[in-house]
Amino acid sequence: MNRITHSAGRKLFGMTLNQVIAQKDNWEDGTDKLLALMKRYMKGEKIDFDYERASALLHDSSGVLHDYIDRIIKETDENVLKTTALNLGYEAFFHGTKTIRKKRKELDCNVPWLILMDPTSACNLHCIGCWAAEYGHKLNLSYEELSDVIAQGKKLGIYFYMFTGGEPLVRKKDILRLCEEHNDCAFLSYTNGTLIDEAFCKEMQRVGNLYLALSLEGFEDVNDRRRGTGVYEKVLNAMDMLHEHGLVFGTSICYTSANIEAVTSDEFIHMLVDKGNRYALYFHYMPVGNDAAVELLPTMEQRLYMKDRIRKIRSLEHGLGLFTMDFQNDGEYVGGCIAGGRNYFHINANGDAEPCVFIHFSGANIRTHSLVEILRQPLFMAYRDNQPFNENHLRPCPMLENPEILERMVKESGAKSTDLQSPESAEHLCAKCHTYAGNWAPIADSLWAKETHKKPAYENYKVRTESRQAV
């Protein structure tokens, strides 16, 4: 398959997908054909994927994975299902991965798998403690600027784009237009869920390549205390509409010292599954901004609980039927910090290219720099030079768990604060993390030493001569 053209490969995947969709009550054989195609197409690439185990789990009709895939295939709109598999699967995972790896060597810098962009800083809600509000509410990226970033990205092999804000669906017409223009890409928008209506659901069906992550803080009392009265009910109604239209969506959950138990309870997870959610993306609270509430940082006991609980929920053998990811405790599976362009970076609504959605410093802007120039800006190159920031991937972040590193990188790179409302220095930001980092370090190191860790086949670190050299 490596010798056929890109378009011919997509066509072959599409034909096999049509067989799976046509046999919804007997889809297992079709997925075996897809696995065989994937194995052929990715031959020679270093990837951590057990084809035989995947096939066995898919054929186990009493298993969690079988039930999960069965629900997706039978409940998802056919156009959405096929477009998702082609764009997120063939283009982003297969073709994109191979292209990105070549570009990383060619350009000698990080090239990400996805780019996160803020179409706008405007929002229709006023949530307590929202870090996005630090940017202000009047910034926007033009449609042409958003589209140009995607066009540049595709040349590097980047076919997956996420939107945050602000509230991205304030710009829903432009987002749908981007989905149409770049119909070979996959798009995911984080959203508060209050602007979703039936007309928008039908448009999502039509384009087929837009997915959502709806923000929830817990059940109604906790969620609405932060987001406003009636928001929880609106989000659940939005989930019902999305599910009825066969769309792909999940939740985005910021966990804090105040809500950890609620947002990981069996009752909460079962509610999400029943509503049609396919994933739950968990984000550790970050003390970003001059007025950040440090008391919301999870305790060490809560951090330990999250590490084990999220893995239990997503277990392919005994889980609860929801794909979950914890961006702080799952560093082991992605080789530590993924920011600075290693696997992703963030463009705010002012066009500033930041290493991470939580780290508001930059030395480049899309209005003055090309995508390649952005990836080679001093701050991003400092990320590449220093990744992984810790050999222990339970301590992945250069801010939360290794604050002295972020402070040094910002200073040495000359990056400036991108916060237009209340600029925060790296020293002030990192000072809020030193106590947390010091308390977590001995616990994480003890855990890491006791556990067995498989070295990933591909890590995307800068080649070094010292002990942590990439293979």
Side-chain angles (χ1 to χ4, degrees), residues 16-17 20-21 23-36 38-39 47-77 80-82 84-85 88-89 93 188 211-214 216 218 236 239-240 242-243 246-253 255 260-283 304-334 451-454 456:
T16 308
L17 281 167
V20 175
I21 294 170
Q23 301 175 346
K24 288 187 177 182
D25 294 324
N26 186 27
W27 50 262
E28 293 87 350
D29 290 342
T31 54
D32 275 347
K33 292 178 181 177
L34 286 175
L35 286 173
M38 175 182 172
K39 190 173 184 179
I47 58 173
D48 297 299
F49 190 85
D50 188 332
Y51 296 95
E52 287 69 27
R53 179 170 180 263
S55 178
L57 289 170
L58 288 169
H59 281 276
D60 180 6
S61 59
S62 63
V64 173
L65 182 61
H66 183 282
D67 181 61
Y68 180 77
I69 299 299
D70 189 68
R71 282 185 285 114
I72 288 177
I73 290 175
K74 292 178 179 177
E75 295 176 9
T76 305
D77 175 82
V80 173
L81 183 61
K82 182 175 180 179
T84 299
L88 193 58
F93 278 107
L188 183 147
Y211 328 114
L212 302 179
L214 287 71
L216 273 182
L236 264 57
M239 288 181 178
D240 290 338
L242 292 165
H243 195 192
L247 298 166
V248 177
F249 68 96
T251 52
S252 169
I253 302 167
Y255 61 90
I260 277 182
E261 289 74 17
V263 296
T264 56
S265 66
D266 281 2
E267 182 185 5
F268 187 75
I269 300 303
H270 288 317
M271 182 273 289
L272 294 182
V273 172
D274 290 343
K275 289 288 182 180
N277 287 266
R278 307 305 179 194
Y279 42 84
L281 308 176
Y282 285 87
F283 296 88
L304 279 171
Y305 163 79
M306 283 298 292
K307 170 184 174 293
D308 296 330
R309 178 59 177 165
I310 296 304
R311 298 179 187 193
K312 183 177 181 180
I313 292 170
R314 72 162 176 253
S315 169
L316 297 180
E317 289 84 6
H318 311 292
L320 300 182
L322 184 72
F323 175 75
T324 52
M325 179 174 286
D326 178 351
F327 286 88
Q328 214 61 34
N329 290 314
D330 283 340
E332 176 179 355
Y333 306 107
V334 291
E451 298 173 349
T452 300
H453 307 283
K454 181 181 178 182

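Throughout, numbering of the chain's residues begins at 1 and tracks the sequence.
- Remark: side-chain polar atoms of Thr251 are not paired, donor with acceptor, to backbone N or O of Ile253 under 3.5 angstrom.
- Between Lys39 and Glu52, at least one side-chain nitrogen of the basic residue sits less than 4.0 Å from a carboxylate oxygen of the acidic one, meeting the salt-bridge criterion.
- Residues His59 and Asp32 have side chains that bring a donor and an acceptor to within less than 3.5 angstrom of each other.
- Side chains of Val64 and His318 form no contact here, defined as non-hydrogen atoms less than 4.5 Å apart.
- Looking at Ile310 and Thr264, their side chains come closer than 4.5 Å, going by heavy atoms from C-beta outward.
- Of all the heavy atoms in Arg314 and Tyr333, the pair that sits closest is NH2-CE1, 3.3 Å.
- Look at Asp240 and Lys275 and you find a salt bridge, because one of the NZ, NE, NH1 or NH2 atoms lies within 4.0 Å of a carboxylate O, short of that distance.
- In this structure the side chain of Gln328 never reaches within 4.5 angstrom of the side chain of Phe283, judged on heavy atoms.
- Nearest heavy-atom pair, Gly30 versus Thr16, reported as atom, atom and distance to 0.1 Å: O-CG2, 4.1 Å.
- Between Leu17 atom CG and Thr31 atom OG1 the span is 10.5 Å, to the nearest 0.5 Å.
- Inter-residue side-chain proximity for Val248 and Thr76 is flagged as met; some heavy-atom pair is nearer than 4.5 Å.
- Rounding to the nearest 0.5 Å gives a distance of 8.0 Å between OH of Tyr305 and CD1 of Ile260.
- Residues Ile73 and Val20 are in side-chain contact: their nearest non-hydrogen atoms beyond the backbone lie under 4.5 Å apart.
- Looking at residues two or more places apart in sequence or on another chain, you find a side chain to side chain contact (heavy atoms under 4.5 Å, CB included) between Lys312 and Arg309.
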Side chain to side chain contact (heavy atoms under 4.5 Å, CB included), that's the test. Do Met306 and Asn329 meet it? Break it down for me.
CA-CA 8 Å; Met306 283 298 292; Asn329 290 314; 3.7 Å; yes
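- Leu188 is not listed as a side-chain neighbour of Leu212, based on a closest heavy-atom distance of 4.5 Å or more.
- Between Glu28 and Lys33, none of the side-chain N atoms (NZ, or NE/NH1/NH2) sits under 4.0 Å from a carboxylate O, so this pair counts as no salt bridge.
- When all heavy atoms of Met239 and Asn277 are compared, the pair lying nearest together is SD-ND2, 3.4 Å.
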Determine, step by step, whether Gln23 and Asp29 satisfy the side chain to side chain contact (heavy atoms under 4.5 Å, CB included) criterion, reporting the C-alpha distance in whole Å, the side-chain angles of both residues, the deciding distance to 0.1 Å, and the verdict.
CA-CA 9 Å; Gln23 301 175 346; Asp29 290 342; 5.5 Å; no
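- Within the 4.5 Å cutoff, side-chain heavy atoms of Ile21 are placed close to those of Lys82.
- Here the straight-line distance linking atom CG of Leu35 with atom CG of Leu58 works out to 6.0 Å at 0.5 Å rounding.
- You'll find the side chain of Phe268 reaches within 4.5 Å of the side chain of Leu216, heavy atoms only.
- Here the shortest heavy-atom pairing between Tyr279 and Leu322 reads N-CD1, 3.6 Å.
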Quick one, Tyr68 with Leu316, criterion side chain to side chain contact (heavy atoms under 4.5 Å, CB included). Give me CA distance, side-chain angles, the key distance, then yes/no.
CA-CA 9 Å; Tyr68 180 77; Leu316 297 180; over 6 Å; no
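- The closest donor-acceptor contact from the side chain of Tyr282 to the backbone of Val263 lies under 3.5 Å.
- His66 and Asp60 get closest at one heavy-atom pair: CB-O, 3.0 Å.
- For Glu317 and Arg311, the salt-bridge test fails: no basic side-chain N is under 4.0 Å from an acidic carboxylate O.
- Distance check: Asp70 CG to Glu75 CD gives 8.5 Å after rounding to the nearest 0.5 Å.
- Nearest heavy atom pair, residue Phe49 against residue Ala54, reads CZ-CB, 3.8 Å.
- We find the CD-CG distance between Glu267 and Leu272 to be 11.0 Å, quoted to the nearest 0.5 Å.
- For the 3.5 Å distance criterion, the side chains of Asp326 and Tyr255 qualify, holding a donor opposite an acceptor.
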Criterion side chain to side chain contact (heavy atoms under 4.5 Å, CB included) on Arg278 and Tyr211, from CA distance to verdict
CA-CA 10 Å; Arg278 307 305 179 194; Tyr211 328 114; over 6 Å; no
